[in-house]
Structures are given as structure tokens and as C-alpha cells.
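Note sheet for the following structure.
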2 protein chains.
Amino acid sequence: MSNETQSSTADLGEAAPGADGELIRSGRDATATRRALVRAARRRFATDGYRATTVRRIASDVGVNVALINRYFVSKEGLFEACMLRTSDELETQASTPSKSIDEVIERLIEHVVNAPDRDDPLQLLLLLRSSGDENADLIRRRTLEHFTRRLAAAAGWRPDDRESEAILLRAQLAIATSLGVVMLRTSAAVQPVASASGDDLTAPLRQIFGVLLGRSEQ
Amino acid sequence: MSNETQSSTADLGEAAPGADGELIRSGRDATATRRALVRAARRRFATDGYRATTVRRIASDVGVNVALINRYFVSKEGLFEACMLRTSDELETQASTPSKSIDEVIERLIEHVVNAPDRDDPLQLLLLLRSSGDENADLIRRRTLEHFTRRLAAAAGWRPDDRESEAILLRAQLAIATSLGVVMLRTSAAVQPVASASGDDLTAPLRQIFGVLLGRSEQ
DNA sequence: CCTCGATGTAAGCACTTGCTGACTTGATGA
DNA sequence: TCATCAAGTCAGCAAGTGCTTACATCGAGG
């Protein structure tokens with residue numbers, strides 16, 4: 001019901017959005033179409049799942065011929081893997097400021113969850129739940145999730161090779177599981193009242209959960 | 001890797017398991033095959049999703065011809081709807097003891113989550129996240145989840161038409177979202193360390209979360 | 001024994017899906 | 001101007017999918 005077969009080549013418009021304005025937009029920019037394909041694919045894969053997403057649909061989203069997917073990414077699985085890699089990279093750089101307090105990290109995670117249905121990026125988390133059956137992509141997916149877990153756990157006081165703090169790792173993953181569950185219920189499942197809840201309503205309970213799990217403010 | 005193309009007609013064996021022992025098992029028992037098909041389908045749908053599940057696969061799981069699916073359930077969507085209905089019924093009767101304390105309800109939910117990867121029934125929760133695109137089945141799915149939410153919320157003190165306790169409803173759904181997230185991470189995503197965590201390790205943090213969310217012991 | 005309805009099977013149709021190879025189109029430089 | 005090559009299109013194949021139709025087989029009643 002949301003976006004159907006329109007949009008044509010529109011998505012290509014913001015390729016090389018003006019970084020230094022050399023390539024104005026010739027309509028024939030390989031890297032731009034590649035990026036547009038990944039963007040469209042990621043959205044589809046995240047919301048509809050791997051199998052339910054067709055390459056024809058992705059191509060039509062971008063307004064480009066299907067054959068380009070095979071030209072640029074070899075196969076549907078190749079495109080999926082590219083999506084995984086890109087998502088992995090983005091999550092990496094987003095969380096690349098290591099010296100954050102646990103409170104800041106929690107606030108960021110909450111914002112991520114709350115904004116998921118509206119913005120594009122937070123759907124990355126959803127994508128990390130999807131599996132294609134491809135070994136490679138699945139490895140990337142799991143590694144990214146585990147990396148994400150360790151980052152969160154580290155902010156909560158977990159240190160590698162410390163048997164005492166091992167439980168923190170598990171708790172961090174429970175926090176991520178909670179986030180994933182909420183995002184799923186809000187986007188895919190469309191279940192009331194979570195789906196229609198305002199961000200403000202969600203923030204308080206989420207803060208409580210994450211606080212309990214990750215020991216907000218030295219608790 | 002778990003169950004492949006074997007099993008043949010084995011699943012039919014436990015049809016009419018001995019309720020009153022009239023129909024011994026003729027090998028040609030319509031209701032038994034129907035039940036076996038629903039059981040196999042539910043497992044496939046829950047773990048692999050709707051689109052990735054093929055009717056041929058389900059039929060082969062049971063050891064029966066594909067055409068029977070269309071004979072008994074009209075279509076793949078019909079079979080999916082039957083799965084939803086059955087799951088809805090089971091969750092209904094499981095929680096049909098209304099006068100439970102919130103602590104008991106929480107313990108049950110925890111047990112549900114912890115046992116999900118091993119047993120059959122807890123995967124029902126996972127199934128409730130899957131969508132087929134069929135209007136009817138989707139309605140059942142959402143209604144069941146919302147019903148489940150209200151039950152949990154009611155145990156936590158929520159009363160209909162009470163604006164004050166409206167937040168409890170949201171918190172109950174957050175608890176369900178958490179459960180769903182954990183089950184997903186443990187079964188589908190296979191992410192460490194949650195996937196390999198023992199039930200005991202999970203119980204304590206989960207109890208904490210649900211306690212904070214649902215006000216365990218009059219908090 | 002034979003008929004008849006119910007249970008199950010085999011073959012295949014119509015359609016989708018991922019993918020391919022040959023082709024066209026546009027930009028660029030000698 | 002035009003040869004060249006990358007960027008993109010087109011038609012179609014092979015496999016897979018849901019589903020249907022015609023047929024086989026079993027159990028029971030006349």
C-alpha cells in the first residue's frame with residue numbers, strides 16, 4: 001500500500017549528491033545505480049524478508065532494468081551480501097566513538113528503536129535478523145550482531161576474558177533482543193498498541209529495561 | 001540440518017493418539033493427516049517464514065502427496081490460516097486460567113521463552129510474527145497477539161477503560177516484544193551467546209525485565 | 001462380488017523467479 | 001565524424017512454485 005510501481009528513475013536523482021559536483025547526473029552513473037540498488041534492496045530485504053523480495057521488484061523500485069542486478073552483484077545473494085556489508089559498515093562507524101558513557105549509549109539505542117518505523121537507517125537492525133541461506137551473508141550478519149553486542153556490553157562494564165562480567169554480555173544481547181522485538185512489532189507485525197505508540201510513551205519503559213539490564217548509572 | 005526428507009509417513013503415526021482408541025490408524029485417516037499437515041506446516045512457517053516454505057516441502061515432511069494440501073485447505077494461504085487458528089486456540093486454552101498472580105504468569109512466560117528452541121509449542125510465538133499477505137490470516141495473527149497482550153496486562157493490573165492503567169498495556173506488549181526478540185535470536189538468528197545460553201542464565205535477567213515492566217510483587 | 005464414496009497419487013499446467021546472452025544507447029576522445 | 005566502450009535494455013530460458021485435473025486404491029454396504 002505504501003510505495004508501488006511508481007518512482008521510476010527518481011531514486012537515481014540523489015546519486016553523488018553534490019560532494020564536489022563534478023558528475024552532475026548523467027543518468028548513466030554505475031556507482032550511483034549500484035548505491036541506489038543497495039538502498040532499495042536493503043529496505044525490501046529488511047521489511048519483507050529475503051525470499052519474499054524479488055529482484056524485479058528491487059529493480060523497479062530504482063527504475064532500472066533487472067539485468068543490472070546480476071551485472072553489478074552477480075546474483076540476488078550477492079546483492080544481499082552487499083546490503084549486509086554496507087549495514088555492517090554503517091553500524092561500525094556509527095558506534096566508532098568508544099569512550100561513551102553507558103547512559104549515552106542507551107539513549108542512542110532508544111532513539112534507534114523509537115525512530116525505526118519512520119527513518120531508513122534503523123531498519124538495519126531488522127535486516128540483521130534476515131537470513132538468505134547464503135553462508136557468507138549469514139556469517140556477516142552474525143558477526144555484526146555479535147560485534148554490536150560486545151560494543152554494548154563493553155559500555156556496560158564487560159571486559160573480555162573476565163569470567164565475572166560474562167553475564168553482562170548476555171544482558172547486552174537481551175537488550176538488543178528487546179530492541180529487535182519492539183522494532184518487529186512496530187514495523188512488520190503492526191500490532192496495537194505498540195505500533196501506534198508515540199516515541200515518548202516508549203522511551204520511559206525502554207529506559208527502565210535497559211537501565212536494569214545494563215546497570216545505568218552504576219546501579 | 002535437523003530434519004530432512006526422511007520421516008515419510010511416520011508423523012501420521014500419532015494421529016488420534018489413543019483418546020478413546022476407536023480409530024486405530026488405518027493409514028487413511030483424513031483428520032489425522034490434516035492434523036499432521038498443520039503440525040508440519042506450523043513448524044516450517046514459524047522457522048522459515050511463509051514465502052520460504054513450499055507446500056511440497058510440508059507434504060514431504062508428513063510423507064503425503066502435495067495435492068492433499070489443496071484438497072483439505074484449499075490453498076497454501078488456507079493452510080497458513082489453519083495454523084494461525086490452531087495456534088490462537090492453543091494460546092487461548094493455555095492461558096484460560098484467569099485468576100493467576102502476575103508472578104505465576106511471568107514464570108510461565110519465562111519458561112516459554114527459555115524452552116523455545118527445544119520444544120514445539122513455544123514456536124507458536126514465532127509463528128505469530130510471520131505474515132502471509134493474506135488479509136484473513138493477518139487479522140487472526142494480530143488479534144491473537146493483542147489478545148495475548150491484554151491477558152498479560154490484565155494480570156499486571158490493567159483494567160479496560162482505565163486511562164490511568166493504559167501504560168500497563170504498552171508495558172505488557174514490551175514484555176512480549178522482548179520474549180519474541182529473544183526467541184528469534186535463539187532460534188532463527190543463532191547469535192552467540194544468547195543462542196547457546198542455558199535456561200538458568202537467561203531466567204534471572206528475564207525475571208528482572210518482566211518484573212520491572214509488569215510490577216512484580218506490587219512494585 | 002461388486003459398487004461407491006472417501007482417501008490418496010501422478011502428471012502436468014500456468015505462472016513466477018533468478019539469471020543469461022545478444023542487443024541498443026549514450027558519452028568520449030582521436 | 002566515428003570507432004570504442006561502458007551503461008543499460010530486451011527477450012527468453014530453466015527451474016521452481018502453487019494448484020488442478022484425471023486416475024488409483026482402500027474400506028464398507030448391498
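A note on names: the letters A, B, ... follow the listed sequences, proteins ahead of strands, and every chain is numbered from 1.
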Going by atom types only, do [X] and [Y] share a side-chain donor-acceptor pair under 3.5 Å?
X         : Y        : result
Gln124(A) : Thr87(A) : no
Thr53(B)  : Asp48(B) : no
Asp29(A)  : Thr31(A) : yes

### Query
To the nearest 10 degrees, what angle separates the axes at the start and end of the helix from dC1(C)-dG30(D) to dA30(C)-dT1(D), five pairs each?
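The end-segment axes of the helix from dC1(C)-dG30(D) to dA30(C)-dT1(D) are tilted 20° relative to each other.
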Nucleotide [N], atom [atom2] - distance to [atom1] of [X] in whole Å:
X        : N       : atom1 : atom2 : result
Ile58(B) : dG16(D) : CD1   : C1'   : 15 Å
Asp29(A) : dT28(C) : CG    : P     : 12 Å
Glu77(A) : dT17(C) : CD    : C1'   : 14 Å
Arg71(B) : dG5(C)  : CZ    : C1'   : 11 Å
Asn65(B) : dA6(C)  : CG    : C1'   : 16 Å
Phe80(A) : dT17(C) : CZ    : P     : 18 Å
Ile69(A) : dT9(D)  : CD1   : P     : 12 Å
Leu37(B) : dG18(D) : CG    : P     : 14 Å

Report the nucleotide, chosen from [options], that has the shortest atom-to-atom distance to any side-chain atom of [X].
X        : options                   : answer
Ser75(B) : dG18(C), dC19(D), dG18(D) : dC19(D)
Arg28(B) : dA10(C), dG8(D), dA6(C)   : dA6(C)
Asn70(B) : dG21(C), dA10(C), dC19(D) : dC19(D)
Arg56(A) : dG18(D), dC19(C), dA10(C) : dC19(C)
Leu68(B) : dG8(C), dC19(D), dT20(C)  : dG8(C)
Lys76(A) : dT17(D), dG18(C), dT7(C)  : dG18(C)

### Query
Charged N to carboxylate O under 4.0 angstrom, Arg141(B) versus Glu81(B)?
no
### Query
Would you call Glu90(A)-Arg86(A) a salt bridge at under 4.0 Å N-O?
yes
### Query
So what does Ala30(A) touch, heavy atoms closer than 4.0 Å: a base, only the sugar-phosphate, or nothing?
sugar-phosphate
### Task
For Phe73(A), report the nucleic acid contact type (base, sugar-phosphate, nothing); a contact means any heavy atom under 4.0 Å.
nothing
### Task
For the residue pair Met84(B) and Arg42(B), establish whether any side-chain heavy-atom pair is separated by less than 4.5 Å.
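They are not in side-chain contact.
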### Task
Please determine which of Arg44(B), Arg56(B), Arg39(B) meets the side-chain hydrogen bond (donor to acceptor under 3.5 Å, both in side chains) test together with Asp61(B).
Arg44(B)
Under 4.0 Å from OP1 or OP2 of [N]: is there any side-chain N or O of [X] that close?
X        : N       : answer
Arg51(B) : dT17(C) : yes
Tyr72(A) : dG8(D)  : yes
Thr33(A) : dA7(D)  : no

### Task
Kindly assign one of parallel, tilted or perpendicular to the pair Phe45(A) and Tyr50(A), based on the angle between their ring planes and the thresholds 30° and 60°.
parallel
